[in-house]
Structure formats: structure tokens, C-alpha cells
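Letters A, B, ... are given to chains in the order of the sequence lines, protein chains preceding strands, and every chain is numbered from 1. Treat the numbers as computed from the prediction; the structure is a model and nothing was measured.
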Protein chains: 2
Amino acid sequence: MAAHADPRTEARVPLTKTRVLSAAVELADGGGIDALTMRNLAHALGVEAMSLYYHVANKDEVLDGIAEAILGEIHEVVGTIEGPPDGVDWKTAMRQRILSARQVLLRHPWAAGVIETRTAMSLEAAKYFDEVLGLFRAGGFSYDMAHHAMHALGSRALGFTQELFEPDTADAGDEQATAMLEQMADKIPHIVEMLMEVSHDDPDSTLGWCDDQVEFEFGLDLILDGLERLRQTS
Amino acid sequence: MAAHADPRTEARVPLTKTRVLSAAVELADGGGIDALTMRNLAHALGVEAMSLYYHVANKDEVLDGIAEAILGEIHEVVGTIEGPPDGVDWKTAMRQRILSARQVLLRHPWAAGVIETRTAMSLEAAKYFDEVLGLFRAGGFSYDMAHHAMHALGSRALGFTQELFEPDTADAGDEQATAMLEQMADKIPHIVEMLMEVSHDDPDSTLGWCDDQVEFEFGLDLILDGLERLRQTS
DNA sequence: ACCTGAACACCGTTCAAGT
DNA sequence: ACCTGAACACCGTTCAAGT
């Protein structure tokens with residue numbers, strides 16, 4: 001048995017689709033999604049690129065696979081953490097679930113982008129959304145209402161949002177940045193004034209001061225509160 | 001002057017960055033973003049691929065450029081349609097603005113995806129968001145609150161949402177689809193029941209019955225109503 | 001100043017061939 | 001059954017050269 005676990009022989013276990021996919025996830029975790037090429041993936045597995053095609057139809061199947069893997073991870077984490085959803089407090093259960101999913105996605109920064117590009121819903125995704133739907137139902141939503149609710153949440157249901165632009169990380173005290181801002185004041189007056197206000201209130205702050213987690217929760221709560229209100233009046 | 005407009009001579013006008021970018025937009029409109037390769041783009045302009053690099057640093061600059069072009073189009077459309085935002089009814093003004101932006105993006109289906117991938121905020125984007133910010137301010141929001149509001153809207157501010165999965169277009173009457181659904185009932189019970197309910201209420205409906213526009217407006221209104229409530233109590 | 005041909009270093013993928 | 005070498009049709013991009 002010790003021999004069986006010998007790393008030298010272990011390195012020779014034949015490829016399987018699962019092994020290919022785990023290696024793909026590892027590769028993306030390590031070097032971003034651009035590092036995930038068929039040739040890199042093969043190299044990481046100590047094999048020639050063409051060997052992959054024996055276990056996987058094409059790269060799209062790899063992407064489907066790693067998306068599903070992450071959704072599976074979410075599913076697992078959420079299943080562990082969550083208490084019984086038989087209580088009527090759907091909102092805190094939902095909140096906890098979504099924030100847990102978010103933690104998983106933060107560990108795999110590439111995953112949100114990949115999940116977005118998959119058009120077909122995988123089984124893992126279906127299972128996740130089924131549970132979300134169940135949570136809404138347990139909270140007293142009709143299927144119709146719950147359906148709208150899922151759309152309203154959109155990718156927030158999985159814990160991520162479209163961050164449209166990376167805020168500049170320029171220091172608010174930075175004179176050059178401040179000067180540039182003042183120069184733009186005629187074209188984007190409100191943004192400039194907003195940033196000036198921030199740097200005035202808190203001179204040590206950064207010009208791009210957005211806290212992703214805070215903003216995510218703000219938006220999430222806004223939606224969940226809105227849904228709760230609709231539920232009560234329906 | 002007629003000679004100046006002659007199409008034969010017109011076809012010989014030298015390249016400019018603007019011409020390159022318009023051709024790029026046209027190419028993406030016609031064949032999707034995958035059709036936009038440097039070689040295709042050059043061919044559409046009747047030129048060799050390498051000539052492009054005289055007017056444009058690299059492909060990223062092309063992508064930046066066409067994203068900005070669409071944002072400019074949005075900016076233009078929104079500027080025309082909108083009445084003076086000096087009224088206190090920020091909500092309907094915002095709603096109208098965002099739905100107008102959405103119309104532009106629906107005409108350029110590839111644009112949302114490209115805009116997402118641009119990390120730096122272009123001037124056109126800044127101008128658009130500045131006006132959104134101005135609308136919030138006119139409605140009585142503090143900069144801090146307006147900032148949260150923009151994050152809460154996310155990509156909805158520009159009129160699009162992450163559609164995570166394309167719903168199946170299977171007919172609800174389709175026996176095969178229904179049978180498959182029943183088979184899945186143990187794994188995704190709520191989704192199955194929801195779909196069954198839909199097909200029962202409306203036998204002619206499609207299994208993937210989501211109306212994107214309706215769902216977009218539902219989510220948008222949920223957020224805008226929530227923001228209005230916060231404004232009143234702050 | 002503006003455009004090009006040849007070439008490089010990459011992709012994903014096919015196919016016939018090896019063990 | 002599993003893996004590979006050579007090759008194909010694509011990418012974006014560089015660089016020296018043409019007009």
C-alpha cells in the first residue's frame with residue numbers, strides 16, 4: 001500500500017477527465033485564465049497536448065468542466081454552512097448563502113468570467129439555483145415571484161457583480177492626480193466633486209476608494225429588502 | 001464637389017484611427033466579436049493587416065476604441081431623449097436614461113461583453129456616469145449615497161445584465177423535454193415544479209419563457225424603488 | 001508619412017501512426 | 001486503450017523594407 005502511494009508511481013497514473021479538469025483549475029488559479037491553454041495544461045500533466053483530446057472533446061469542454069467544478073465547490077461550501085431553511089427567515093438564509101458563494105468565487109478570480117461565458121446550464125448550476133429557488137419558496141414566494149427574484153439577483157445570486165471599472169489606485173493626496181482631476185472638472189463635474197469631497201473628508205483615502213465587499217452587500221441587501229417588501233404586499 | 005464624393009476616390013481615402021474603429025464596430029455588428037480579428041479588419045478596409053498598426057498600437061486599443069464608440073452612441077441617444085433633469089423626479093429620468101442605453105446595447109450585442117473587459121474608464125464612460133451621478137444629485141442624494149447607488153446598479157446603469165444562462169427554447173408541450181424534466185425531479189425539484197406550473201398555466205408557453213426586457217425592468221425598478229426609499233429616510 | 005512581405009511565436013485541432 | 005509527431009489553419013505582432 002505504501003508502494004501504491006509512492007509519488008513516483010503516482011505520477012504515472014493514467015489521465016482521466018477529472019484529473020485534466022483539476023489541473024485546469026489549478027492552472028487558472030495560479031496564472032489566470034490566459035494561462036489555461038491546451039498546451040500548458042498538457043505540460044502541467046506531463047503529457048503532450050494532443051493526449052488531452054482523448055479525454056476531452058475540445059477546450060470548450062474543459063471550460064464547461066472547470067465552471068462546473070467551481071459551482072460544485074460552491075454547492076459544497078453552502079451545503080455545509082447552512083442551517084435548515086425551514087424557518088421563515090428566508091432573507092438571512094439567502095444572504096448567508098450568497099455571501100458564502102462569493103467567498104468561493106473570490107478564491108478563484110477567473111471563475112466568474114468563465115461561468116458567464118457558459119451558455120448551457122450545468123447540473124451543478126441547476127442544483128445551486130434549485131436550492132435558491134427552494135429558499136424563496138420556503139420564504140413564501142410564489143414560483144412566479146421567485147423567478148423574477150432570481151433574475152433580479154442575476155449574477156449576484158452566485159456572489160459576484162460586474163465591476164465595470166477598476167477604480168484608480170491613485171492616492172488622493174497625490175498632487176498630480178488632483179491637478180488632473182481639476183482639469184477634467186468641466187467634462188465630468190460630478191465625479192470630480194465627488195472625489196474631492198472624499199479626499200476632503202478623509203485626506204488619507206485613495207481616489208478609488210470603493211470597498212468591493214461593502215458595495216456588494218449594499219446592493220444585495222437593497223435587492224433582498226425590496227423582494228421582502230414585495231412578498232409582504234403580494 | 002461631386003468628384004470629391006465619388007465612391008471610387010472615396011475608397012482611397014487614407015486610413016485613420018476613426019475609420020479603423022468604425023470598420024471594427026461594423027465587423028462586430030455583422031459577425032460578432034469573434035469576427036473582429038486584425039486580419040479581418042484589415043481586409044474590410046482593403047488593406048494589409050500590418051497597416052493597421054500604423055494607426056493603432058495593438059488590438060487592445062481597437063477594443064478600447066469600439067467600447068468608447070458605443071458609449072458615445074449611448075451618450076448621444078440619451079442626450080437627445082432626455083428632458084431637463086432639474087425636476088425632483090430623479091427616478092423616472094434615471095429609468096428612461098437607462099432603458100435608452102439598453103436600446104443601444106441591444107443593437108450591438110457584442111458591446112456589453114467588450115465593455116466589461118475594459119478595465120480603464122474611457123472619457124465617454126466617465127461622461128455617462130457623470131450624468132448618472134448628476135441625476136442622483138439632482139434627486140437629492142448625497143455623493144456618498146449616490147456612489148453606493150451606482151455600485152448597486154452596476155452594469156444595469158448601462159442597460160445590461162448578466163444573463164447567466166440562455167434558457168432552453170424547448171416547447172413546453174414537447175413530450176421529450178417534459179419527460180426529461182420529470183427524470184430530473186429528484187435533483188432539481190423546485191426548478192422542475194416551477195416549469196411544470198408554467199406549462200400548466202399556459203400550455204402554449206415555452207419552457208424557457210423568460211422575457212429579458214420584462215426581467216430587466218423588474219430588477220431595475222426593484223433597485224430604483226429601494227434607492228428612493230433610502231433617500232427618503234436618510 | 002504611410003503601407004507591406006516575410007517571419008515569429010503563439011493558438012486550437014485533425015489525423016495517421018505508434019505502443 | 002491510450003498517447004504522440006507532424007501538420008494545418010488560424011491568431012497577434014515585430015521588423016526591415018518598400019513607396
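In this structure, A:Ile33 atom CD1 and C:dC11 atom P are separated by 14 Å, rounded to whole Å. Atom-to-atom, CG of B:Leu52 to P of D:dG12 comes out at 10 Å; the value is rounded to the nearest Å. Going from atom CD of B:Glu61 over to atom P of D:dT13 covers 11 Å, rounded to whole Å. Summarising the geometry, the separation between OH on A:Tyr53 and P on D:dA1 is reported as 22 Å, rounded to the nearest angstrom. Taking atom CG on B:Leu36 and atom P on D:dC11, their separation rounds to 11 Å, with Å as the unit. The interatomic distance linking B:Leu15 (CG) with C:dT4 (C1') rounds to 13 Å, in whole Å. Computed from coordinates, the A:Met38 CE to C:dC10 C1' distance equals 15 Å when rounded to whole Å. The separation between A:Leu45 atom CG and D:dC2 atom P is 15 Å, rounded to whole Å.
Each of A:His55 and A:Arg39 lies near DNA chain D, and the nucleotide nearest A:His55 is the one positioned closer to the 5' end. Residue whose closest nucleotide on DNA chain C sits further toward the 5' end, between A:Ala57 and A:Asn40: A:Asn40. Between A:Gly46 and A:Tyr54, the residue anchored nearer the 5' end of DNA chain D, judged by the nucleotide with its closest heavy atom, is A:Tyr54.
Using a 4.0 Å heavy-atom cutoff across all strands shown, B:Ser51 reaches at least one base atom of the nucleic acid.
A salt bridge is defined here as a Lys NZ or Arg NE, NH1 or NH2 lying under 4.0 Å from an Asp or Glu carboxylate O, and A:Glu48 with A:Arg39 fails to meet this definition. Look at A:Arg118 and A:Asp60 and you find a salt bridge, because one of the NZ, NE, NH1 or NH2 atoms lies within 4.0 Å of a carboxylate O, short of that distance.
Between B:His148 and A:Phe218, the distance separating the two ring centers is shorter than 6.0 angstrom.
Put simply, the side chain of B:His190 reaches to within 4.5 Å of the side chain of A:Tyr143, judged on heavy atoms.
Under the 3.5 Å distance criterion, the side-chain polar atoms of B:Asp29 are left unmatched by any main-chain donor or acceptor of B:His108.
Residues of residues 24-32 of chain B having a heavy atom closer than 4.0 Å to DNA chain D: none are found.
With no hydrogens or angles considered, no side-chain donor-acceptor pair links B:Trp110 and B:Asp34 at under 3.5 Å. Counted by atom type alone, A:Arg156 and B:Gln162 present zero donor-acceptor pairs between their side chains at under 3.5 Å.
A 3.5 Å limit on both hydrogen-bonding distances identifies C:dA6 as the Watson-Crick or G-U partner of D:dT14.
With distances taken from any side-chain atom of B:Glu48 to the nucleotides C:dT4, C:dC11, D:dT4, the minimum falls on C:dT4. Listed nucleotides: D:dC3, D:dA6, C:dG12. Nearest to the side chain of A:Met50: D:dA6.
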